[in-house]
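So the structure is just underneath, and the comments pick up after that.
Computed from a predicted structure; not experimentally measured. Start at 1 with the first residue, then count along the sequence.
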Amino acid sequence: MGSMTIAGLAREGGVGVETIRYYQRRGLLSEPERPANGVRRYDGEDVRRLRFIRAAQGAGFSLEQIGELLALDAAQDRARARALAEERIAELDRPIADLQAARNWLSELERDCASGNAGPCPILKAFAG
């Protein structure tokens, strides 16, 4: 039997109680049986699982993907876990490329503006179309 309440689990995981309940509704965390005294108890495995969820969210995985990763964690399916990571990397690369292109364009405009040439500001001119 676990030793901490839902509030303790939330504290250990750095989330709110409602987040724990949400993860339970989504099937990412189990909901312990309610004993006669009415207080559910959580243990170290629940903390580990919650930290896993939070770390995967930090890497940008969706809750659906995290559910699959949790299932793989239990089965130790390295090939599928790697495939999910590759998919996530590809998803991250798209906005990174877009941001890099925008940065390069804006840097070029800034250099043109700094050149001191006469006429309208290249930045404002570019934005005006």
Side-chain angles (χ1 to χ4, degrees):
M1 176 188 245
S3 61
M4 69 187 99
T5 64
I6 193 169
L9 176 62
R11 201 172 27 260
E12 286 290 319
V15 299
V17 170
E18 286 307 313
T19 300
I20 301 292
R21 290 186 177 123
Y22 179 71
Y23 292 160
Q24 289 172 332
R25 287 191 301 272
R26 297 291 303 260
L28 299 173
L29 286 173
S30 63
E31 189 172 345
E33 293 293 321
R34 187 181 299 273
N37 68 3
V39 178
R40 292 185 171 100
R41 295 290 177 172
Y42 299 85
D43 61 21
E45 178 58 25
D46 296 306
V47 173
R48 186 201 70 78
R49 195 169 177 97
L50 178 56
R51 288 181 177 160
F52 182 103
I53 294 165
R54 301 295 291 158
Q57 281 183 312
F61 285 97
S62 69
L63 292 181
E64 290 78 19
Q65 291 168 322
I66 292 170
E68 186 173 353
L69 285 169
L70 284 165
L72 296 175
D73 179 46
Q76 297 184 7
D77 187 344
R78 293 174 67 137
R80 182 60 187 144
R82 189 178 67 250
L84 282 170
E86 289 170 350
E87 290 171 17
R88 183 64 194 134
I89 290 167
E91 291 170 7
L92 289 169
D93 283 345
R94 284 187 287 279
I96 289 170
D98 292 344
L99 287 169
Q100 188 63 51
R103 185 187 190 291
N104 291 343
W105 179 60
L106 188 55
S107 291
E108 183 179 317
L109 292 172
E110 185 271 333
R111 280 190 305 275
D112 290 348
C113 185
S115 70
N117 293 336
C121 172
I123 297 169
L124 300 176
K125 188 176 176 183
F127 292 164

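- Between the CD1 atom in I123 and the CG atom in L106 there is a gap of 6.0 Å [rounded to 0.5 Å].
- Residues V47 and M4 meet the side-chain proximity criterion, which asks for heavy atoms closer than 4.5 Å.
- With rounding to the nearest 0.5 angstrom, the CG atom of L69 is 8.5 Å from the CZ atom of R80.
- When side chains are defined from C-beta on, I96 does not count as touching L99, because their heavy atoms never get closer than 4.5 Å.
- Distance CD1/I20 to CG/L9: 4.0 Å, rounded to 0.5 Å.
- Of the possible donor and acceptor atoms, one in the side chain of R88 sits under 3.5 Å from a partner among the backbone N and O of A59.
- For the atom pair OH (Y23) and CG (L70), the distance works out to 10.5 Å, reported to the nearest 0.5 Å.
- Residue-environment remark: CZ (R26) exceeds the threshold of 12 foreign heavy atoms within 6.0 Å.
- In terms of heavy-atom proximity, Y42 sits nearest to S30 at CE2-O, 4.0 Å.
- The pair E110-R103 does not meet the salt-bridge criterion, since no charged nitrogen lies less than 4.0 angstrom from a carboxylate oxygen.
- Annotation for E33: atom CD does not count as buried by contact number, only 12 or fewer foreign heavy atoms lying within 6.0 Å.
- Annotation for A10 and G16: closest pair CB-C, 3.8 Å, computed over non-hydrogen atoms.
- Note on E12 versus R51: salt bridge recorded, some NZ/NE/NH1/NH2 to OD/OE distance being below 4.0 Å.
- Minimum heavy-atom separation, G13 to L50: CA-CD2, 3.5 Å.
- The CZ atom of R41 sits 12.0 Å away from the CZ atom of R34 when rounded to the nearest 0.5 Å.
- Residues V17 and A7 come closest through the heavy atom pair CG2-CA, 3.9 Å.
- Residues E68 and S62 fail the side-chain proximity criterion, which asks for heavy atoms closer than 4.5 Å.
- The shortest distance between side-chain heavy atoms of I53 and V15 does not fall below 4.5 Å.
- Residues G67 and L28 approach most closely at CA-CD2, 3.5 Å, considering heavy atoms.
- A distance-only check finds no donor-acceptor pair linking the side chain of R40 to the backbone of I6 [under 3.5 Å].
- For the residue pair Q57 and R54, a side-chain donor N or O sits within less than 3.5 Å of a side-chain acceptor on the partner.
- Y22 and F61 fall within a single hydrophobic cluster, where Ile, Leu, Val, Met, Phe, Trp and Tyr side chains are chained together by heavy-atom contacts under 4.5 Å.
- Between the side chains of N104 and Q100, at least one donor N or O sits under 3.5 Å from an acceptor N or O.
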